[in-house]
Amino acid sequence: MKRFNARPQRTDEYIIEIDENVWNDDALKEWGNVFWELDGIEDLVEAIAMSLLRDGYERFIEGFGYLYTMRRGGYHLKQYEHVDGDFREVTEFAKGIKVTIVSEDDEFECEVEEI
């Protein structure tokens with residue numbers, strides 16, 4: 001059996017808007033007490049971006065819930081949750097966070113080498 005080392009890489013781009021009235025210093029500290037310490041809004045944005053990269057926008061994201069997500073041009077991307085055996089459209093989103101997907105899984109490359 002042959003073995004390979006594969007290193008896929010992709011570039012996603014998001015515009016993440018944060019309402020500083022909602023995500024003020026107290027809110028960041030409270031979030032950090034449960035998850036990990038944040039040094040500011042930029043750390044929060046990084047946490048959101050990494051969660052989107054790993055899990056996608058179509059699911060509940062630990063620490064945030066569902067995020068209001070759009071494509072460029074303002075098209076809202078609908079999300080669904082599984083409730084009592086049925087799927088229901090999500091209508092409640094994390095307060096103070098809005099995401100616009102600029103590109104997602106469009107640019108990628110993979111290096112493969114036999115080991």
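FYI, side chains are in, hydrogens and waters are out, and symmetry mates aren't considered; it's all heavy atoms of this structure.
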Between Phe60 and Tyr66, ring centroids under 6.0 Å =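 Judged by ring-centre distance (under 6.0 Å), Phe60 and Tyr66 do meet the cut-off.
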
ask   = So, do Tyr68 and Phe93 have ring centers that fall under 6.0 Å from each other?
value =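 Yes, they do, as the ring centres are separated by less than 6.0 Å.
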
Beyond-backbone contact of [X] with [Y], side-chain heavy atoms, under 4.5 angstrom:
X      : Y      : answer
Phe64  : Leu52  : no
Ser103 : Ile101 : no
Ile61  : Leu67  : yes
Met70  : Lys98  : yes
Glu20  : Ile41  : yes
Glu114 : Arg3   : no

With sequence neighbours excluded, residues passing salt bridge (Lys or Arg N to Asp or Glu O under 4.0 Å) with Glu62 =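 Residues passing salt bridge (Lys or Arg N to Asp or Glu O under 4.0 Å) with Glu62: none at all.
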
request  = Determine, using the 4.5 Å side-chain heavy-atom cutoff (strictly less than), whether Tyr75 and Ile15 are members of one ILVMFWY cluster.
outcome  =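 In one cluster with Tyr75: Ile15, no.
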
task = Begin from the C-alpha positions of Val99 and Tyr57 and carry the test side chain to side chain contact (heavy atoms under 4.5 Å, CB included) through to its verdict.
result = CA-CA 9 Å; Val99 176; Tyr57 69 89; over 6 Å; no

task = Under the salt bridge (charged side-chain N to carboxylate O under 4.0 Å, His left out) rule, what do Glu113 and Arg7 come out as? Steps first, then yes or no, please.
result = CA-CA 9 Å; Glu113 68 180 86; Arg7 290 181 296 280; 3.1 Å; yes

key: Thr69/His76 under side chain to side chain contact (heavy atoms under 4.5 Å, CB included): CA gap, chis, key distance, verdict   = CA-CA 6 Å; Thr69 309; His76 171 68; 5.9 Å; no

request  = Might you work through the side chain to side chain contact (heavy atoms under 4.5 Å, CB included) test for Ile115 and Phe4, ending with a clear yes or no?
outcome  = CA-CA 5 Å; Ile115 51 175; Phe4 296 87; 5.7 Å; no

ask   = What distance do Asn24 atom CG and Asp19 atom CG have between them, rounded to the nearest 0.5 Å?
value =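 Here the interatomic distance stands at 9.5 Å.
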
task = Check the surroundings of atom CD in Glu42: do more than 12 heavy atoms from other residues, nucleotides or ligands lie under 6.0 Å from it?
result =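 Count not over threshold, so no.
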
Residues 25-37, side-chain donor-acceptor partners within the protein, below 3.5 Å, at least two apart:
from: Trp31; atom 1: NE1; to: Gly63; atom 2: O; distance (Å): 2.9
from: Asn33; atom 1: ND2; to: Lys29; atom 2: O; distance (Å): 3.4

inquiry  = Do the side chains of Asp12 and Arg10 get close enough for a salt bridge, i.e. N-O under 4.0 angstrom?
reply    =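 Looking at Asp12 and Arg10, the cut-off is met.
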
